[in-house]
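Encoded as structure tokens, the structure appears first; notes follow it.
Just so it is clear: chains get the letters A, B, ... in the order the sequence lines come, proteins before strands, and each one is counted from 1.
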Amino acid sequence: MSSAQVKKKPKYFKTLPQIPRTELFAPGHGLCAGCTAGTIVRHLLKAAGPNTILVEATGCVEVSTTLYPYTSWRIPWLHLAFENASAAASGVEAAIKVLKRKGYIDPDKPINIVVLGGDGGTYDIGFQSLSGMLERGHKVMYVLYDNEAYMNTGIQRSGSTPKYAWTTTTPAGKVWPGNLRNKKPIAEIVAAHRIPYVATANPAYPLDMLNKFKRGLEVEGPSFIHVIQPCPTGWRFDPRYGIKIARLATETGMWINWELDHDEFDVTVPVKRRKPVREYLKMQGRFKHLTEEQIQEIQRMVDEEVARINKLVGREVIGPVEE
Amino acid sequence: MAEEKLPAWNELPPGAVILEPGSSEKRYTGDWRIFRPVLNQDKCIRCLLCWVYCPDDAFYFEDEPYVTSKGRKYKFSLKINYDHCKGCGICVEECPVNAIDFVEEVK
């Protein structure tokens with residue numbers, strides 16, 4: 001793809017004062033102090049607006065925002081199990097279509113349907129319903145907040161846990177070096193369904209994240225946004241460093257903010273000179289057992305991934321590691 | 001802010017549905033704090049980063065004009081809602097001009 005073919009996409013939010021001030025996600029929820037899921041959901045609802053139906057798979061955000069008899073949601077909200085959130089969202093979308101056709105709802109009224117799922121509910125348990133929803137082509141946006149383990153039930157590993165990370169089911173000790181498997185590339189698996197819009201986002205870059213949410217709601221057909229979400233409890237860091245770690249993930253190349261809009265692939269947050277992955281790993285207690293060879297192995301994996309992404313884009317968007 | 005008394009089982013609506021949207025605003029999460037962020041209005045440049053990054057929407061806008069000691073004029077101020085601030089310190093860490101102090105809570 002030559003750079004001439006890439007047409008400029010509309011940017012909905014250019015500066016921070018343009019972000020809507022209405023809060024559709026009420027405070028007083030039970031998310032841990034410093035949990036960046038709060039930041040992500042706030043901005044998701046700012047982008048989506050009040051005409052939104054949110055379908056929530058079981059996960060951290062679900063259990064902590066609806067502590068009976070309170071709710072943090074100011075929009076229609078459905079709680080579903082891990083397995084069927086996307087299936088239920090498909091049903092909601094189909095029902096809205098029928099109600100519009102029969103004239104119960106104004107046919108011109110835009111109604112956004114958003115699924116919010118954690119990594120357990122997307123990578124592992126809910127993948128079949130997600131795949132079915134994408135195959136049927138419902139106009140639903142799926143937002144995955146990825147904290148890289150089952151944090152809600154006590155930090156068990158999921159398909160998203162990166163290599164050598166400590167979790168309670170992959171403890172690091174003399175026999176095991178932590179999690180043995182690589183992180184599953186979920187966004188690329190979803191992109192293989194040939195849906196109109198797939199993107200990865202990072203709460204440390206809020207304007208980029210908001211624009212991706214807006215674009216995901218705008219396209220005809222399903223869209224998928226994969227958002228990294230540092231978890232102070234499970235990743236073992238001081239709550240105040242949540243956003244700093246999210247930013248370091250992009251700056252070290254561990255997390256690449258890209259988008260695939262129809263056929264156009266681009267990296268939306270280019271990094272001129274990468275930091276070594278050691279800076280990202282050393283801030284988190286889940287990686288504190290790593291030996292020098294293991295850090296070098298992770299560095300090599302990131303280098304390969306960056307080279308692959310640069311090749312896909314066709315130019316050097318993520319630079320070399322700075323010494 | 002004291003939490004209101006919860007309803008008894010026979011006062012709940014049928015199906016135990018929650019009728020009021022966003023009612024968690026009545027919950028008090030301010031006692032989670034160990035450290036308290038204190039915003040220095042004089043140093044603040046109104047970049048809004050604290051408001052953007054706050055996971056608990058504990059920042060709110062106050063429409064009162066403010067003139068700093070150096071003579072800069074602003075149309076609004078940001079305030080912290082201590083009923084909902086959990087004291088995570090993200091705003092302290094992310095503030096580009098170090099206008100937020102992190103002080104220990106004293107009973």
Is the shortest side-chain heavy-atom distance between A:Pro270 and A:Lys272 below 4.5 Å? no

Could you go step by step and tell me if A:Phe25 and A:Trp73 meet the ring-ring contact (aromatic ring centres under 6.0 Å, His included) rule? CA-CA 5 Å; A:Phe25 185 62; A:Trp73 303 90; 5.1 Å; yes

Apply salt bridge (charged side-chain N to carboxylate O under 4.0 Å, His left out) to residues B:Lys26 and B:Glu20 and explain how you reach the verdict. CA-CA 11 Å; B:Lys26 293 177 192 158; B:Glu20 193 192 335; 2.7 Å; yes

Taking the cut-offs as 6.0 angstrom to the six-membered ring centre and 45 degrees off its axis, would you call B:Arg33 and B:Tyr82 a cation-pi pair? no

Heavy-atom side-chain contact between A:Glu251 and A:Glu279 under 4.5 Å: no

Please answer whether the main-chain N or O of A:Ile228 pairs with a side-chain N or O of A:Asp146 as donor and acceptor at a distance below 3.5 Å. no

Flag the pair A:Tyr70 / B:Ile18 as yes when at least one side-chain heavy-atom distance between them is below 4.5 Å, and no otherwise. no

Can you find a heavy atom in the side chain of B:Lys86 that is under 4.5 Å from one in the side chain of A:Leu31? yes

Any donor-acceptor N/O pair, B:Tyr53 side chain to A:Ala204 backbone, under 3.5 Å: yes

Using only atom types and a distance under 3.5 Å, with no angle test, would you say the side chain of B:Ser24 pairs donor to acceptor with the backbone of A:Pro27? yes

Is it the side chain or the backbone of A:Pro69 that comes within 4.5 Å of chain B heavy atoms, both, or neither? both

Checking ring-ring contact (aromatic ring centres under 6.0 Å, His included) for the pair A:Trp255/A:His226: CA distance, chi angles, key distance, verdict? CA-CA 11 Å; A:Trp255 183 267; A:His226 185 185; 4.9 Å; yes

Within the 4.5 Å heavy-atom criterion, are A:Arg215 and A:Lys212 side-chain neighbours or not? no

Just to be sure I understand the criterion: a residue of residues 40-66 of chain A counts if one of its heavy atoms is under 4.5 Å from a heavy atom of chain B. Which ones qualify? A:Arg42, A:His43, A:Lys46

Return yes when atom OH of A:Tyr68 has more than 12 non-hydrogen atoms of other residues, nucleotides or ligands closer than 6.0 Å, and no otherwise. yes

Using a cut-off of under 4.5 Å on heavy-atom pairs, state which of B:Val52, B:Asn81, B:Leu48 scores highest against chain A. B:Val52

Do other residues, nucleotides or ligands put more than 12 heavy atoms under 6.0 Å from the CG atom of A:Leu99? yes

Under a 4.5 Å cut-off applied to non-hydrogen side-chain atoms, are A:Met254 and A:Val277 in contact? yes

Under 30°, 30 to 60°, or over 60°: which ring-plane class applies to A:Tyr150 and A:Phe82, parallel, tilted or perpendicular? perpendicular

Given heavy-atom pairs under 4.5 angstrom as the criterion, report whether the side chain, backbone, both or neither of A:Leu24 touches chain B. neither

Taking heavy atoms only and a threshold strictly under 4.5 Å, list by residue number the residues of residues 13-23 of chain A that touch chain B; give 'none' if the list is empty. A:Leu16, A:Pro17, A:Ile19, A:Pro20, A:Arg21, A:Glu23

Sorted by number, residues from residues 55-77 of chain B in contact with chain A (heavy atoms, under 4.5 Å): B:Pro55, B:Asp56, B:Asp57, B:Phe61

Quick check on B:Phe35 against chain A: is it the side chain, the backbone, both or neither that has a heavy atom closer than 4.5 Å? neither

Please state whether the side chain, the backbone, both or neither of B:Leu19 comes within less than 4.5 Å of a heavy atom of chain A. neither

Determine the interplanar angle of the A:Phe237 and A:Trp235 rings, folded into 0 to 90°, and report it as parallel if under 30°, tilted if 30 to 60°, perpendicular if over 60°. perpendicular

N/O donor-acceptor pair under 3.5 Å between A:Thr71 side chain and B:Ser23 backbone: no

Please list, in residue-number order, every residue in residues 91-100 of chain B that has a heavy atom less than 4.5 Å from any heavy atom of chain A; write 'none' if there are none. B:Val92, B:Glu93, B:Glu94

Taking atom types as modelled and ignoring hydrogens, do the side chains of A:Tyr205 and A:Thr268 form a donor-acceptor contact shorter than 3.5 angstrom? no

